[in-house]
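In what follows, a single structure is set out as structure tokens and then discussed.
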Amino acid sequence: MGDDAFGVTIQTYHGMALRLCGRSMVSPGTKTDINFEQLIVQATALLRGDQDFPGLLGDELRERLLAGYAYILVDEYQDIDAQQYAFISALAGRTQDADTKLSILAVGDDDQNIYSFRGTHVSFIQRFQQDYQAEIYHLVDNYRSSDAIIQTANSLIQHNSKRMKQDHVIRINTQRQHEPAGGAWQQADSLGQGRVQIFSVSNAQQQALTLLNELQRLQALHPDVHKNREQHWQWQDCAVLAHTWETLMPIRALCEQQNIPVNWGLDSEKLPSPYRIREIATFLQQLDTQAKQQQSVTDWLVLYPANENNAWLHLIHNILLAWQNEVGNHVLPNQHLLAFCYDNLREWKREAHQHQGILLTTIHRAKGLEFKVLCIPDDDRFETSDESRRLYYVAMTRAREHLLLFQTQNRQHPHITLLDAGEHLYFRTQHNFVTQQFPPWRYEILSLKDIFLDFAGRQPPQANIHQVLQKIQTGDTLYPEKQGEHLVLFNENKVALAQLSRSGQQRWARHWSHIQQVRVLAVVLRHAEDCEAQYRRRLRCDAWLIPVVELVYHSSN
Ligand SMILES: Nc1ncnc2c1ncn2[C@@H]1O[C@H](COP(=O)(O)OP(=O)(O)OP(=O)(O)O)[C@@H](O)[C@H]1O
């Protein structure tokens with residue numbers, strides 16, 4: 001699109017609502033984080049004229065707010081919830097007369113609706129046509145996956161009822177139609193031949209061993225296939241997508257034992273708000289104090305270069321690159337970048353992960369991504385329902401070259417049993433691995449409710465703990481020890497940096513002596529005003545830091 005792209009604004013629902021409401025930014029890192037849940041409701045009320053805006057009437061207001069927008073493209077329309085639906089309707093002027101309506105283009109795939117637990121409903125996309133008297137275009141060309149993968153995914157999803165694409169089957173794009181169904185691997189891999197491979201395994205450990213064994217077999221073949229394309233095997237081209245984190249634990253343990261780099265999708269339910277993470281809070285603070293100053297993004301990129309050693313600084317760098325992509329190197333007041341950061345960080349929570357390596361995460365978090373090699377381990381949470389089939393379909397359609405599916409022997413896999421057992425599938429059952437000592441490790445983020453949040457706050461500003469916490473980095477190791485009644489985390493110089501809360505104590509007392517490693521994931525900022533009034537008088541400083549850690553412990557304890 002070239003320079004025309006500068007006329008396009010790309011925003012999340014919340015970003016758009018924030019822009020329309022004109023909400024002033026709250027001070028970063030304070031208790032008054034933006035109430036994102038109310039933003040969309042408020043913006044909708046403003047657009048509909050249900051809520052007054054000083055000095056402007058309903059239609060006038062809507063025009064003022066939407067000045068400049070002529071077209072709206074809503075992506076992933078299948079995943080909208082009732083609030084977002086009302087917001088889009090108000091934006092598009094569905095209830096307005098023909099002259100004031102904007103043009104709206106919705107893109108979505110009802111087969112990929114997987115967030116119904118969050119209140120999203122496939123009926124919104126299904127009724128789009130009648131809502132807007134819209135024309136429908138079916139995009140059926142697939143540019144991503146091999147034909148074998150496309151056919152296999154189609155053979156599953158066809159079992160769902162009331163699909164919008166019932167009569168519009170996904171097919172490989174025209175330019176690739178002459179290619180073999182298994183792509184380049186049909187020739188290069190005499191065993192798998194680019195077919196979708198289905199592995200029968202007896203338990204979770206054998207599943208992990210089989211999975212890694214197959215990835216290493218493909219890795220060894222890789223140079224033959226890609227020798228002319230200057231492509232090397234990269235572990236980040238592989239992903240394992242499961243229904244639950246639990247399923248991924250033994251796979252991660254085995255990867256770490258074999259020194260295969262792992263990109264572990266972080267369970268963001270356990271993480272603090274990204275705005276409170278030390279590096280991010282500092283950055284937002286910088287932007288906030290210089291909000292009116294005009295600056296180009298390149299100035300910020302100098303301050304925040306790519307940083308593979310610190311996930312948070314790297315995240316800031318990536319957000320700056322995304323901003324550069326949107327506005328180029330135009331010089332703008334920093335407040336625009338600040339709003340962009342708030343919005344982006346909110347979205348980031350959904351896809352939190354760290355490190356380069358094979359991505360281990362849940363299917364819900366892999367939406368929209370794609371990988372050369374995709375594995376779906378068996379998970380006893382898959383069931384016979386349209387919803388579960390859609391989830392499995394989303395996972396399968398992330399694969400470009402290899403799709404490896406796993407089923408537990410002696411159990412009918414609800415989805416694999418539905419696949420057309422044609423030439424695209426290859427069933428593998430012979431896995432005679434030598435029984436090896438399987439790594440017994442489990443991984444868990446110590447959630448903030450398990451930590452005594454005021455631990456450092458009860459020490460004076462000059463206490464050593466504050467300087468040490470300022471310096472610790474993501475990836476550093478801490479050491480668990482008992483100190484009297486308390487479970488405490490120390491650094492290598494025996495400075496106590498955190499103590500578990502009463503609930504943390506109950507949860508971890510049994511495991512404390514079986515912890516193999518404590519890794520710092522983030523350092524979080526806390527202010528005295530975050531603290532309940534009754535405890536505030538015991539504080540001895542206004543702000544302090546808290547380490548957020550992941551515990552690696554022995555699973556049999
Ligand atoms: N016209 C095209 N020519 C070449 N490659 C394309 C074309 N359109 C899409 N692709 C490639 O196909 C892949 C899928 O495209 P894209 O992510 O836009 O599809 P999508 O419909 O959003 O996928 P999904 O909803 O399944 O995540 C990407 O790797 C993209 O680069």
Side-chain angles (χ1 to χ4, degrees), residues 1-2 4-5 8 10-13 72-80 84 105-116 118 120-122 124-126 128 136-158 160 163-166 168-179 181 183-185 194 196 226 229 231 234 236-241 265 322 325-326 347 350-351 353 359 361-376 386-403 405 415:
M1 289 178 74
D4 283 350
V8 178
I10 302 171
Q11 270 172 323
T12 61
Y13 293 94
I72 308 176
L73 186 155
V74 188
D75 202 4
E76 308 284 6
Y77 201 85
Q78 77 281 355
D79 287 331
I80 63 174
Q84 291 163 341
L105 172 66
V107 182
D109 179 359
D110 60 325
D111 291 334
Q112 293 195 44
N113 173 273
I114 57 171
Y115 294 119
S116 61
R118 218 178 59 193
T120 74
H121 208 286
V122 75
F124 292 128
I125 190 168
Q126 286 166 342
F128 184 80
I136 293 195
Y137 298 88
H138 289 98
L139 305 177
V140 293
D141 284 345
N142 180 310
Y143 291 81
R144 174 183 290 150
S145 313
S146 70
D147 199 37
I149 295 168
I150 296 170
Q151 300 299 338
T152 308
N154 283 346
S155 76
L156 175 70
I157 203 67
Q158 68 176 1
N160 275 18
R163 296 174 51 232
M164 294 176 79
K165 297 199 301 300
Q166 197 81 50
H168 303 270
V169 180
I170 300 289
R171 58 179 185 222
I172 195 160
N173 66 299
T174 322
Q175 290 88 331
R176 294 192 299 147
Q177 270 165 11
H178 65 279
E179 288 182 8
W185 295 92
V196 172
H226 291 288
R229 303 192 203 169
Q231 287 188 28
Q234 298 197 48
Q236 57 259 42
D237 289 334
C238 307
V240 181
L241 305 183
N325 200 24
E326 193 146 306
E347 284 303 297
R350 278 209 278 135
E351 46 195 72
H353 41 78
L359 178 66
T361 194
T362 62
I363 302 172
H364 284 103
R365 280 170 210 279
K367 195 102 197 285
L369 304 179
E370 60 182 38
F371 304 90
K372 273 191 192 162
V373 189
L374 200 281
C375 310
I376 313 179
D386 281 9
E387 169 94 21
S388 183
R389 274 193 289 272
R390 284 198 294 268
L391 190 66
Y392 206 72
Y393 176 78
V394 165
M396 291 168 105
T397 52
R398 304 305 96 207
R400 280 163 52 197
E401 299 179 9
H402 298 281
L403 178 56
L405 309 178
H415 306 320

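Indexing begins at 1, ligand by ligand and atom by atom, following the structure's order.
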### Query
At a 4.0 Å threshold, what atoms of ligand 1 neighbour a non-hydrogen atom of G368?
27 (O)

### Query
Do protein heavy atoms approach atom 22 (O) of ligand 1 to less than 4.0 Å?
no

### E370 and R144 ion-paired at < 4.0 Å
yes

### Query
Tell me, do M396 and T152 make a side-chain contact under 4.5 Å, heavy atoms counted?
yes

### Query
What is the nearest protein non-hydrogen atom to atom 5 (N) of ligand 1, stated with its residue, atom name and distance?
Y143 CD2, 3.6 Å

### Task
Check the pair F124 / Y77 against ring pair (Phe, Tyr, Trp, His ring centres under 6.0 Å), numbers first and verdict last.
CA-CA 8 Å; F124 292 128; Y77 201 85; 7.8 Å; no

### Message
Counting only heavy atoms, tell me which of Q112, R398, E370 gets closest to atom 27 (O) of ligand 1.
### Response
R398

### Message
D111 and side chain to side chain donor-acceptor pair (under 3.5 Å): which single residue from Q78, R389, R390, R163 fits?
### Response
R163

### Message
Can you check atom 10 (N) of ligand 1: any protein non-hydrogen atom closer than 4.0 Å?
### Response
yes

### Query
What do you think, any protein heavy atom under 4.0 angstrom from atom 30 (C) of ligand 1?
no

### Query
Salt bridge or not for D79 and K367, using N-O below 4.0 Å?
yes

### Message
Using 30° and 60° as the class boundaries, would you call the ring planes of H364 and Y115 parallel, tilted or perpendicular?
### Response
tilted

### Query
In the protein, which heavy atom is nearest to atom 17 (O) of ligand 1, and how far is it?
R144 NH2, 3.3 Å

